[in-house]
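Notes to accompany the following structure.
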Amino acid sequence: MNTQEMSDPRAALKKLSGALRKLHKTLVDLETGRFGPVGSPFEHLQLLTGHPQFAWLRRISEIVVELDERLDDKEDIDTAAIVAYKTVVERLLSPPESDDDFYRKYVKALQESTEAAISHGELRQVLSLLAAPSDPASGRQA
């Protein structure tokens with residue numbers, strides 16, 4: 001992500017969306033491989049949205065859809081929106097305070113798939129470059 005992208009909230013959100021989408025696709029492909037043959041693309045979509053084996057991926061799917069809807073919206077995107085999405089994604093990818101099915105399966109996927117680990121690293125890199133909440137004491141960003 002270059003300096004211009006970091007200063008343009010819409011470009012930053014697109015960058016986040018792209019990195020999250022890549023990770024999501026990698027995880028879907030991994031879980032589909034575990035599941036076995038799925039048939040047509042429509043049958044695959046039905047599995048993704050309704051089968052219990054794919055339920056853990058829906059949290060990422062929902063964020064991807066939300067990002068897409070926000071990017072399709074012609075309203076301005078401000079830094080607060082970037083920080084909000086960054087926070088949501090970071091919470092999802094961080095160890096939970098209690099047992100969490102998504103996190104257990106996510107870590108397992110990262111351990112089993114080099115591609116998933118690489119996509120995770122790329123997403124983490126994008127997250128690290130996004131706007132941080134302002135520090136009210138200094139007036140600077142954290």
Using only atom types and a distance under 3.5 Å, with no angle test, would you say the side chain of [X] pairs donor to acceptor with the backbone of [Y]?
X: Ser61; Y: Leu57; result: yes
X: Arg91; Y: Lys86; result: no
X: Lys22; Y: Ser119; result: no

(message) Which residues pass the side-chain contact (heavy atoms from CB on, under 4.5 Å) test with Glu66, not counting sequence neighbours?
(response)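 With sequence neighbours excluded, Glu66 shows a side-chain contact (heavy atoms from CB on, under 4.5 Å) to Tyr85, given in chain and number order.
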Test item: [X] and [Y] side chains (from C-beta on) under 4.5 Å apart, heavy atoms:
X: Glu115; Y: Thr26; value: yes
X: Glu69; Y: Asp73; value: no
X: Arg59; Y: Asp100; value: yes

(message) Would you call the rings of Phe35 and His51 parallel, tilted or perpendicular, taking 30° and 60° as the class edges?
(response)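 Aromatic pair Phe35/His51 classed perpendicular.
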(request) Determine the interplanar angle of the Trp56 and Phe102 rings, folded into 0 to 90°, and report it as parallel if under 30°, tilted if 30 to 60°, perpendicular if over 60°. (result)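 Geometry flag for Phe102 against Trp56: tilted rings.
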(request) Using a strict 4.0 Å threshold on nitrogen-to-oxygen distance, state whether Arg34 and Glu112 make a salt bridge. (result)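 Salt bridge flag = yes for Glu112 with Arg34.
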Are there over 12 heavy-atom neighbours, none belonging to [X], within less than 6.0 Å of that residue's [atom1]?
X: Gln46; atom1: CD; answer: yes
X: Glu122; atom1: CD; answer: yes
X: Asp76; atom1: CG; answer: no
X: Lys14; atom1: NZ; answer: no

(request) Check Leu123, Ile60, Ile63 against His24 for a side-chain contact (heavy atoms from CB on, under 4.5 Å) and give me the one that passes. (result)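 Output: one option passes, namely Ile60.
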From [atom1] ([X]) to [atom2] ([Y]), nearest 0.5 Å:
X: Leu30; Y: Lys105; atom1: CG; atom2: NZ; answer: 11.5 Å
X: Arg10; Y: Ile82; atom1: CZ; atom2: CD1; answer: 9.5 Å
X: Tyr106; Y: Leu92; atom1: OH; atom2: CG; answer: 8.0 Å
X: Lys15; Y: Gln125; atom1: NZ; atom2: CD; answer: 8.5 Å
X: Leu23; Y: Leu110; atom1: CG; atom2: CG; answer: 7.5 Å
X: Ser113; Y: Asp29; atom1: OG; atom2: CG; answer: 9.0 Å

(request) Answer with yes or no whether the hydrophobic clustering places Val64 together with Leu71; edges join I, L, V, M, F, W, Y residues whose side-chain heavy atoms lie under 4.5 Å apart. (result)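 They do share one cluster, since a chain of ILVMFWY contacts under 4.5 Å joins Val64 to Leu71.
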